Amino acid sequence: MKKDDSRMHGIVELLVRVFRVIAIVTAVPILYCSLYAHPLLDDYWYGTKTHAAWQAGHSFAQVLGAAFSTVKDFYLNWSGSFTDVFINSLHGGIFGEQYYWICPVIVLALFLAGTYLLTETVYCKLLHQSRRRAELVFLILITLSLNLMVSPVQSIYWWTSAIYYTGFYGCALMLASRVLLLGEGKIEERQKTHTIICMVCSFLLMGGNLLTILTSVLAGFLYTVSVFVRRKDSRYQILLIELSLVAGFCTNVFSPGVGYRRSVNTGMGIFPAIGSSIISALTSLEEYSTLIVVLLFFPIVFLTIYSVRGADYNFHYPVLFTLFSFGVYAAQWFPSWYSIGTEGEQRALSICHNLYFWLILLNCIYWCGWYEKRFGFHYENIENLAADFLAHWKKYISAFLMAAAISLASYRSLDSIIGIGAWKLILSKEGTQYSRERYEQDQILNHSSGKVRLEMVSEEPVLLTVPGYLLDEDPEAWINQRIAEYYGLEEVTGIAPGSR
């Protein structure tokens with residue numbers, strides 16, 4: 001091992017230990033709060049048939065049949081998201097309220113797996129770096145993503161929202177990692193099998209949310225052009241995968257359900273929507289580039305300077321790369337502006353925020369690679385800094401943690417930091433109380449018939465609920481009607497806590 005590599009290895013080992021602790025302190029309470037999660041709004045709508053099928057005979061075959069029936073109904077009348085509707089109708093709550101906690105766990109697992117696989121592919125397989133260096137980047141990304149989510153309930157704890165956005169986003173990252181391996185010639189055996197699997201996954205991915213669909217199709221198109229320009233041996237396999245994306249895209253967006261939704265929602269034209277999407281993306285760059293993000297990206301930049309040494313790529317046309325990558329990033333806002341004339345709901349903005357980190361990371365790699373190939377970094381100066389860091393690491397780590405604390409204190413509410421909010425929910429017992437009351441509601445609804453008057457929960461934790469998405473005092477409210485249908489009741493009316 002070279003001397004400079006030894007110094008870099010020491011820094012990476014130290015930072016990995018620090019960020020492991022930070023990631024654990026963040027992820028454990030967020031995961032633990034899954035125990036407090038319960039069905040919300042659309043969970044009842046999508047799960048009506050499957051819940052009834054399970055209650056009727058506890059037959060998985062009947063439940064699957066009900067799930068396919070739900071897909072048919074939604075595809076014809078409301079949504080072209082065929083894969084998503086199928087998954088939505090099979091949330092854990094249909095088998096019993098006590099199993100709903102599985103839903104947030106699945107969402108988190110997909111998100112974390114996708115982030116790790118793409119990070120590992122980029123740093124280990126393409127830049128030939130160690131897994132420890134990839135782990136450091138992964139830990140920093142998930143620390144930022146998990147703590148700064150726009151809406152934790154819509155991104156993690158509410159199944160039909162979280163799997164639709166965060167879950168499919170994680171799947172898109174996993175697919176991207178496999179396609180990159182195939183396209184860059186890193187898979188030597190069973191290429192046909194790998195291609196077929198990627199094609200099937202590409203088609204199924206297009207049955208998800210339109211944000212991920214559009215960005216995947218655009219990124220896939222640009223990458224297909226890239227492999228053809230570079231005359232890679234795998235270019236025709238990549239073309240087949242892109243065609244599968246396009247086929248799934250058409251199956252989704254040209255469905256009768258999407259046509260109906262477009263007719264009842266007020267959106268805007270294509271070109272105004274493109275302009276609004278670009279403005280939203282530009283605005284987000286300023287909004288998302290907070291002090292804590294800049295601070296945590298310093299280690300990534302330092303690591304990337306070393307990572308591009310000896311890379312097999314020429315990193316041509318960095319300005320063009322930035323423009324194209326920003327175009328893919330901005331495309332996330334287009335479906336919302338085009339279909340409903342707004343920037344989008346918080347669940348959509350959460351994955352926009354997540355992709356922002358990848359936009360910055362990939363551009364950091366590309367520009368550092370371009371600079372290294374064209375001018376070369378003065379590594380002797382960087383190595384001296386590395387040696388000084390190792391000699392006085394306690395001082396630097398202390399300063400880093402202090403700066404992080406100051407940047408966190410700049411937030412208007414520390415509860416907006418998801419890890420802190422999760423710890424507060426656990427320690428205050430608010431999550432336990434909310435969950436207990438929801439279980440009591442479920443028991444009453446399961447053992448009632450006709451018209452039911454049901455006490456509403458005493459508190460609605462911000463981490464787990466959305467205002468107006470729980471039981472309402474008006475029996476004609478949309479949520480009350482969905483709950484009544486889900487439990488096979490005539491009517492459900494919410495009453496104030498303690499009214500009985």
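Remember, it's a predicted structure, so these values are computed and weren't measured experimentally.
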Here the ring pair (Phe, Tyr, Trp, His ring centres under 6.0 Å) pairs for residues 269-293, sequence neighbours left out, are Tyr288-His353, Tyr288-Tyr356
Mind checking ring pair (Phe, Tyr, Trp, His ring centres under 6.0 Å) for Phe111 and listing every partner two or more places apart, or none if nothing turns up?
none
Sequence neighbours excluded, which residues qualify as ring pair (Phe, Tyr, Trp, His ring centres under 6.0 Å) partners of Phe86?
Phe68
Is it the case that the side chain of Thr215 and the backbone of Thr212 share a donor-acceptor pair, with hydrogens and angles ignored and the cut-off at 3.5 Å?
yes
More than 12 heavy atoms of other residues, nucleotides or ligands under 6.0 Å from CD1 of Ile270: yes or no?
no
Step through it carefully: locate the ring centre of His91, locate the ring centre of Tyr100, and say whether they are under 6.0 Å apart.
yes
Checking Arg20 now: which residues fulfil salt bridge (charged side-chain N to carboxylate O under 4.0 Å, His left out) with it, not counting sequence neighbours?
Glu135
Only counting residues at least two apart or in another chain, list the ones meeting side chain to side chain contact (heavy atoms under 4.5 Å, CB included) with Leu471.
Gln441, Leu454, Met456, Asn480, Ile483, Val492
Of all pairs that satisfy side-chain hydrogen bond (donor to acceptor under 3.5 Å, both in side chains), the ones with a partner from residues 194-207, not counting sequence neighbours:
none
Phe249, CZ: over 12 other non-hydrogen atoms inside 6.0 angstrom:
no
Give the C-alpha distance, both sets of side-chain angles, the deciding distance and a yes or no for ring-ring contact (aromatic ring centres under 6.0 Å, His included) between Trp478 and Tyr469.
CA-CA 9 Å; Trp478 193 88; Tyr469 281 29; 9.0 Å; no
Ring center gap for His51 and Tyr487 short of 6.0 angstrom:
yes
Among residues at least two apart in sequence or on other chains, which ones pass ring pair (Phe, Tyr, Trp, His ring centres under 6.0 Å) with Tyr169?
none
Report the residues that fulfil salt bridge (charged side-chain N to carboxylate O under 4.0 Å, His left out) with Glu345, sequence neighbours left out, ordered by chain and then residue number.
Arg347
Sequence-distant partners of Arg482, salt bridge (charged side-chain N to carboxylate O under 4.0 Å, His left out), two or more places apart
Glu485
Listed once per pair and sorted, the salt bridge (Lys or Arg N to Asp or Glu O under 4.0 Å) pairs that draw on residues 23-50, sequence neighbours left out:
Lys49-Asp73
Qualifying residues under ring pair (Phe, Tyr, Trp, His ring centres under 6.0 Å), relative to His58, sequence neighbours excluded
Trp54
What residues form a side chain to side chain contact (heavy atoms under 4.5 Å, CB included) with Val18, not counting sequence neighbours?
Ile22, Ile397
